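In this text the structure is predicted, and so the values were computed from the model without any measurement.
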Amino acid sequence: MSGISGQHLGFGVVSGYTGPDPDRLVADAVHAEALGFDSFSLSDHLHGDHPTWEPWTALTWVAAATERITLATDVLGLPYRSPAVLAKAAETFDRLSGGRLVLGLGSGGYEAEFSAFGLATRTPGQQVAALGEAVRVLKGLWTGAPFTLSGEHFRILEGRITPPPAHRIPVWLGTYGPRALTLTGALADGWIPSLQRMEFDRARQMLGAVRAAAEAAGRDPLEITCACNVQVHFDERATPTSRLVAGGSEAVAEQLAAVVSAGFTFPQVFGLGRAEDRERFAAEVVPLVRRELSLG
């Protein structure tokens, strides 16, 4: 069962779109697990001219080949799936994987993808409202009791999931705007922004907003896992930026230690598509980060 909660320090691998090759997908996940990574995740971009995976199907394939590693969606686009159906799919996946699911969910920032499939496109305000309703649907149905919600975007009438989840399923939200950050602090188990999309000072301000919203909602802010997607590039000649962690192992570790020290305790790393890069990260970077933070 996944032990990722609260301020758990861990490191994840975000799979790249190197395929679709099912053998490569499984080999990458098995390798990440053997190296001690805490999670393996897939993104959710179904429309386009580049090869991608449908993450539920692909992660089920991965779950059957692994034993320990947490499997995460990073993040699902809400318009692609009914929240009620997603609640049941998540319960089934989590049960089959032995409690190894982290459900990452976002309102969907790529409207062209959804309109191409004839799915709901929403204004920014509607996106936040729909995301909040979706989280309530998920958690309401996961109780196993009949659940009703009459919302602006979703309606559930005495909906019930049997059996309810055998394990707690963490819901992490990929959110950015002020209203969405408030929603995250009030309802979510984790927050997972992509640091590549913003200046780091802005990311720290947003983290503060999530924690303030949690406290205002009567929650302990430290119970929320503040993860992040981060791009890593091993190249001693590269110049790191606020949006790119780059350099040799020591430089990468120093930059990641600063990310963790700022409160982002669960970096999920893009850029480890090659086996040698995963091995270098696990053998050199992770111990250096832990040493920098005096965590042994």
field: Any donor-acceptor pair under 3.5 Å from E111 side chain to R122 backbone
entry: yes
- request: Decide side chain to side chain contact (heavy atoms under 4.5 Å, CB included) for I224 and Q7; before the verdict, give the C-alpha distance in whole Å, the side-chain angles of both, and the deciding distance to 0.1 Å.
  value: CA-CA 7 Å; I224 298 175; Q7 302 305 294; 5.7 Å; no
message: Contact between K88 and V85 at the side-chain level, heavy atoms closer than 4.5 Å - yes or no?
response: no
task: For the pair Q126 (side chain) and T123 (backbone), establish whether a donor and an acceptor sit closer than 3.5 Å, ignoring hydrogens and angles.
output: yes
- prompt: Restricting to pairs with a member in residues 131-140, which pass side chain to side chain donor-acceptor pair (under 3.5 Å), not counting sequence neighbours?
  reply: K139-D189
message: I want to check something: taking the side chain as every heavy atom from C-beta on, are V245 and P240 in contact at a cut-off of under 4.5 Å?
response: no
- prompt: Do V13 and D28 have side-chain heavy atoms sitting under 4.5 Å apart?
  reply: no
field: Between S39 and Q268: side-chain donor-acceptor atoms closer than 3.5 Å
entry: yes
Polar side-chain atom of R68 near backbone of E33 as donor-acceptor pair, under 3.5 Å: yes
Sequence neighbours excluded, every pair satisfying salt bridge (charged side-chain N to carboxylate O under 4.0 Å, His left out) that has a member inside residues 235-252: E199-R243, D235-R237, E236-R280
query: Is a donor on one side and an acceptor on the other found under 3.5 Å between the side chain of R100 and the backbone of A63?
result: yes
- prompt: Taking the side chain from S194 and the backbone from R197, do they hold a donor-acceptor pair closer than 3.5 Å?
  reply: no
query: For the atom pair CH2 (W172) and CD1 (I192), what is the distance rounded to the nearest 0.5 Å?
result: 5.5 Å
query: Taking the side chain as C-beta and beyond, is there a heavy-atom pair between L76 and S43 under 4.5 Å?
result: no
- request: Taking all non-hydrogen atoms of both residues into account, name the closest pair between F264 and P193 and its distance.
  value: CE2-CG, 4.0 Å
query: Minimum heavy-atom separation for A84 to I156, with atom names?
result: CB-CD1, 3.8 Å
message: Tell me if a side-chain donor or acceptor on E91 pairs with a main-chain N or O of W142 at a distance below 3.5 Å.
response: no
task: Kindly give the heavy-atom pair with the smallest separation between G10 and P267, and that separation in Å.
output: O-CD, 3.1 Å
task: With sequence neighbours excluded, give me every ring pair (Phe, Tyr, Trp, His ring centres under 6.0 Å) pair touching residues 90-110.
output: H45-Y110, W56-F93
- prompt: Hey, does S15 have a side-chain heavy atom less than 4.5 Å from the side chain of L25?
  reply: yes
task: Kindly give the heavy-atom pair with the smallest separation between R24 and G273, and that separation in Å.
output: NH2-O, 2.9 Å
- prompt: So which residues get pulled into F117's cluster when ILVMFWY side chains under 4.5 Å apart are joined, directly or through others?
  reply: L46, Y80, F114, L119
- prompt: Does Q255 reach the main-chain N or O of A251 with its side chain, forming a donor-acceptor pair under 3.5 Å?
  reply: yes
statement: dist W61:CH2 -> T66:OG1 (nearest 0.5 Å) comes out at 12.5 Å
- line: Applying side chain to side chain contact (heavy atoms under 4.5 Å, CB included) to E276 and not counting sequence neighbours gives R274
statement: So CD of E223 and OG1 of T225: to nearest 0.5 Å the spacing works out to 10.0 Å
- request: Identify whether L293 and V286 are in the same connected component of the hydrophobic contact network (ILVMFWY, side-chain heavy atoms under 4.5 Å).
  value: yes
query: So do L272 and F234 actually touch side chain to side chain, heavy atoms under 4.5 Å?
result: yes
Connected via hydrophobic side-chain network under 4.5 Å: I161 and L96: no
statement: Residues passing the ring-ring contact (aromatic ring centres under 6.0 Å, His included) test with F40, sequence neighbours excluded, are none
- request: Answer yes or no: are there more than 12 heavy-atom neighbours, outside R95 itself, under 6.0 Å from its atom CZ?
  value: yes
message: Among residues at least two apart in sequence or on other chains, which ones pass side chain to side chain contact (heavy atoms under 4.5 Å, CB included) with A213?
response: T182
message: Strictly by salt bridge (charged side-chain N to carboxylate O under 4.0 Å, His left out), give each pair with a member in residues 205-219 just once, sequence neighbours left out.
response: none
task: Using atom types as modelled and distance alone, determine if a side-chain donor or acceptor of W53 lies under 3.5 Å from a backbone N or O of P20.
output: no
message: Please determine whether residues M198 and L244 belong to a single hydrophobic cluster, defined as Ile, Leu, Val, Met, Phe, Trp and Tyr linked transitively by side-chain heavy-atom distances below 4.5 Å.
response: no
query: Could you go step by step and tell me if L42 and D74 meet the side chain to side chain contact (heavy atoms under 4.5 Å, CB included) rule?
result: CA-CA 6 Å; L42 287 171; D74 186 11; over 6 Å; no
- request: Kindly give the cluster partners of V14, where membership spreads through any ILVMFWY side chain lying under 4.5 Å from a current member.
  value: F270
message: Please say yes or no: joined through hydrophobic side-chain contacts below 4.5 Å, possibly via intermediate residues, are L35 and F281 part of one cluster?
response: yes
message: Using the side chain to side chain contact (heavy atoms under 4.5 Å, CB included) criterion, which residues pair with A180? Sequence neighbours excluded.
response: V128, T175
message: Walk me through whether D44 and R81 qualify under salt bridge (Lys or Arg N to Asp or Glu O under 4.0 Å).
response: CA-CA 11 Å; D44 189 30; R81 301 166 188 84; 2.8 Å; yes
CG-OG distance between L78 and S107, expressed to the nearest 0.5 angstrom: 7.5 Å
query: Is there a side-chain contact between N229 and L195 (heavy atoms, below 4.5 Å)?
result: no
- request: To the nearest 0.5 angstrom, please state how far the CZ atom of R290 sits from the CZ atom of F11.
  value: 6.0 Å
- prompt: Can the positive tip of R160 be found less than 6.0 Å from the middle of the six-membered ring of F147, inside 45° of the ring normal?
  reply: no
field: Residues L181, Y176; criterion side chain to side chain contact (heavy atoms under 4.5 Å, CB included); working and verdict
entry: CA-CA 6 Å; L181 296 174; Y176 297 91; 5.7 Å; no
- prompt: Just by distance, do the side chain of Q231 and the backbone of V269 share a donor-acceptor pair under 3.5 Å?
  reply: no
- prompt: Who pairs with S97 by side-chain hydrogen bond (donor to acceptor under 3.5 Å, both in side chains), at least two apart in sequence or on another chain?
  reply: none
message: Suppose we screen for side chain to side chain contact (heavy atoms under 4.5 Å, CB included). Which residues come up paired with A188, at least two apart in sequence or across chains?
response: L173, T184
message: With rounding to the nearest 0.5 angstrom, report the NE2 to OG1 distance, H233 to T241.
response: 11.5 Å
- prompt: Shortest non-hydrogen contact from F37 to A282?
  reply: CE1-CB, 4.0 Å
message: When you compare the side chain of E254 with that of V289, does any pair of heavy atoms fall below 4.5 Å?
response: no
- request: Could you walk me through whether T73 and L105 pass side chain to side chain contact (heavy atoms under 4.5 Å, CB included), step by step?
  value: CA-CA 7 Å; T73 56; L105 184 64; over 6 Å; no
